[in-house]
Amino acid sequence: MIIRTLYDIAEMCGGELSSAEDKDIEIKGVVTDSRKISPACLFVPLVGDHFDGHHYAAASLAAGAAAALWQRDKGPAPAGGGVILVEDTLAALQKLSSAYLGDIAPRVVAVTGSNGKTTTKDMITALLEVQYKVHKTQGNFNNHIGLPLTILSMDSDVEIAVLEMGMSSRGEISLLSRIAPPDVAVITNVGESHLLQLGSRKEIARAKLEIVDGLKPGGLLIYNGDEPLLAEVLAEPDFRTPEGLLTFRFGQAADNDDYPTGLMTHSAGMIFTSQLHGQRAFTLPLPGQHNVINALAALAVARHYDVTEENIAAGLSGLKLTGMRIEVIETESGLVLLNDAYNASPTSMRAAIDVLQSMKCSGSRIAVLGDMLELGPEEIMFHRQIGSYLDPKLTDDVFTFGPLAAHIAAAASERFEAGHLFAFTDKEALITALNAKCSEKDVVLFKASRGMRLEEVLHRLKDHSEANFN
Ligand SMILES: CC(=O)N[C@H]1[C@@H](OP(=O)(O)OP(=O)(O)OC[C@H]2O[C@@H](n3ccc(=O)[nH]c3=O)[C@H](O)[C@@H]2O)O[C@H](CO)[C@@H](O)[C@@H]1O[C@H](C)C(=O)N[C@@H](C)C(=O)N[C@H](CCC(=O)N[C@@H](CCC[C@@H](N)C(=O)O)C(=O)O)C(=O)O
Ligand SMILES: Nc1ncnc2c1ncn2[C@@H]1O[C@H](COP(=O)(O)OP(=O)(O)OP(=O)(O)O)[C@@H](O)[C@H]1O
Ligand SMILES: C[C@@H](N)C(=O)N[C@H](C)C(=O)O
């Protein structure tokens, strides 16, 4: 984490010390939540949708914060610690993080895309950290607040920072790319996430390509070559191509720079070979063909940083994914739960259904699917497409949750026999029905947008299975 004097912090964030006497106060770390104060930290009050952090500055100083930023338009600053006056605390937080990153000067690998940012970030980190001191985005801290906090939590000896950059509107990734100029930028894919705000998939592709706005001269762009929209935007006359841009395309198709040449599902994940690695087989402790494609992007980063073959193998075998991304949970009774409940869009929903429908199962394959949010005016069509994608020969029962997901069930009814589709808008009723339906021989997939909190249903089924299944 950042450790600096208050004088240095003021210089780095463009602020002004309220009192010169405070210049030698030592700051250890940055906190934006008064409920999570750490000794000697800098408290940064942010103005949010529900609270104004400035109301908690005095309490933060009393709780052990050494100093606080204070927005000039918020009246008199609190007593009880050092104060740096700024015009805008969020802008100051971002500027401080950018200055700190410049001081430590690690290599920066930035990861964006509609689906797979967190997964691919975890994979890249797993491959690099065998050979380098790596710092990565924790959880999903990937926006205009999360990225600065990620950078400021980095230690001074980090060699490579793997930073997730998320968005839901144009301009957001450009800002993040300029806060943390990448040496390598990765675009996992272009799906349908946040179509509501972007309006078209081409606009989503343009938003993802904002990641090169901060790319350092001679930087490398690693992108999904199966997505024609990315190549189209890159070729547009008014696309601002960074100086000395290097590119690398990965994907399923054989015209990519790297692609799978062999792929097999096994009990604990996937085994694959790729064009660039000849006969060498990689074991991925994750299910899903989409994760093999993510792994190709991670391998491209590892090769760029000269990670040895043995360290790549060690990294893959030690891979630990952030939770709720097609997480396989084997309960004591034998019931298998696929926790893919962190988020959902049509592309990731199809990928998850592919995993469910490929799983060996002595009982029923059950899909519990919730609303996919922020898809814009064609949201019903997208949900109906998922219903049509489900194969009644490979998925035995479908439970839907939410008003949009009801359209999944409606479309599936054209192929599924009666008695296998169950639509709910009440979470407790869904839980009761699902607990009654499932047995220890089943495999159950859970997938919905973050806003549905579908993991709550998974946890209730898990508890029920532990109490009632033999
Ligand atoms: C600002 C903040 O951190 N808010 C968090 C807070 O929200 P809440 O509504 O409760 O409070 P306010 O925001 O109004 O509070 C303002 C500040 O006051 C502080 N405070 C409050 C009360 C108190 O007693 N003391 C205080 O000091 C407070 O801490 C604030 O600083 O709590 C919520 C629940 O924990 C948090 O969810 C909320 O965090 C917001 C959403 C946030 O942006 N956090 C980032 C650190 C972050 O990166 N969060 C990620 C999710 C990022 C994300 O959604 N990414 C998108 C892509 C980007 C979309 C972009 N357009 C966007 O806006 O995000 C994706 O698809 O991945 C995470 O939490 O995982
Ligand atoms: N390449 C991919 N194609 C389709 N789906 C994917 C891909 N990679 C991951 N997924 C799925 O997308 C969902 C989100 O994965 P992950 O959290 O890694 O992506 P993300 O881009 O960080 O998502 P978010 O933007 O919601 O934070 C999970 O269900 C995961 O299984
Ligand atoms: C928080 C926002 N970036 C997001 O992921 N929205 C999804 C669609 C959701 O809320 O579920």
Side-chain angles (χ1 to χ4, degrees), residues 30-37 43-57 59-60 63 65 68 89-90 93 111-123 137-150 153 164-173 175-176 186-194 197-198 207-208 224 226-227 250-252 286-298 321-328 338-355 372-374 445-451 454:
V30 170
V31 170
T32 58
D33 189 335
S34 66
R35 297 157 294 194
K36 299 173 183 171
I37 293 300
F43 176 65
V44 176
L46 299 176
V47 180
D49 295 339
H50 303 105
F51 303 97
D52 181 344
H54 290 80
H55 297 156
Y56 307 96
S60 297
T89 51
L90 175 57
L93 175 73
V111 184
T112 194
S114 297
N115 313 105
K117 296 187 290 298
T118 300
T119 300
T120 306
K121 171 258 295 179
D122 289 342
M123 289 179 177
T137 298
Q138 294 302 310
N140 199 55
F141 266 36
N142 65 15
N143 70 5
H144 55 301
I145 301 167
L147 176 68
L149 291 177
T150 297
S153 66
E164 188 178 327
M165 296 187 176
M167 69 98 207
S168 57
S169 298
R170 283 301 305 271
E172 291 180 359
I173 289 181
L175 168 65
L176 300 180
V186 178
I187 302 177
T188 59
N189 77 347
V190 174
E192 309 82 8
S193 304
H194 314 304
Q197 296 90 330
L198 279 298
K208 302 309 180 189
N224 189 320
D226 294 341
E227 177 51 71
F250 69 94
Q252 194 68 44
L286 300 173
Q289 189 163 326
H290 61 279
N291 278 322
V292 170
I293 303 302
N294 291 336
L296 294 183
L321 262 201
T322 304
M324 296 207 280
R325 277 79 173 178
I326 204 71
E327 185 181 355
V328 181
L338 298 179
N339 184 353
D340 204 9
Y342 181 76
N343 215 337
S345 61
T347 298
S348 64
M349 186 78 87
R350 283 192 293 273
I353 290 167
D354 290 346
V355 173
M372 298 178 287
L373 305 176
E374 301 182 24
L445 164 70
F446 292 83
K447 187 149 189 74
S449 262
R450 180 82 319 258
L454 197 62

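Remember, it's 1-based here, ligands and their atoms both numbered in the order they're listed.
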Of the side chain and backbone of [X], name the one, both, or neither that has a heavy atom under 4.0 Å from an atom of ligand 2.
X	result
Asn115	both
Asn189	side chain
Ser114	backbone
Arg450	neither

To the nearest 0.5 Å, what is the distance between CG (Asp340) and CD1 (Ile326)?
-> 4.0 Å
Atoms in ligand 1 with a heavy atom of [X] nearer than 4.0 Å:
X	result
His50	8 (P), 9 (O), 14 (O)
Gly53	18 (O)
Glu172	60 (C), 61 (N)
Leu46	16 (C), 17 (C), 18 (O), 31 (O)

Does only the side chain of [X] get under 4.0 Å from ligand 1, or the backbone, or both, or neither? Count heavy atoms.
X	result
Asp33	both
Phe51	both
Asn142	both

Considering both backbone and side-chain atoms of [X], is one of its nitrogen or oxygen atoms within less than 3.5 Å of a nitrogen or oxygen in ligand 1?
X	value
Thr32	yes
Asp52	no
Lys117	no

For the side chain to side chain contact (heavy atoms under 4.5 Å, CB included) test, which of Thr32, Val31, Asn143 pairs with Leu149?
-> Thr32
Enumerated ligand 2 atoms positioned under 4.0 Å from heavy atoms of Asn294 = 1 (N), 7 (C), 8 (N), 9 (C)
For Ser193 and Glu374, does a side-chain donor sit closer than 3.5 Å to a side-chain acceptor?
-> no
Side chain to side chain contact (heavy atoms under 4.5 Å, CB included) involving Ala351 - partner list, sequence neighbours excluded = His290
Contact with ligand 1 for His194, non-hydrogen, under 4.0 angstrom = yes
Is any N or O atom of Lys117, backbone or side chain, closer than 3.5 Å to an N or O atom of ligand 2?
-> yes
Ranking Met167, His144, His54 by closest non-hydrogen atom to atom 58 (C) of ligand 1, top hit is Met167
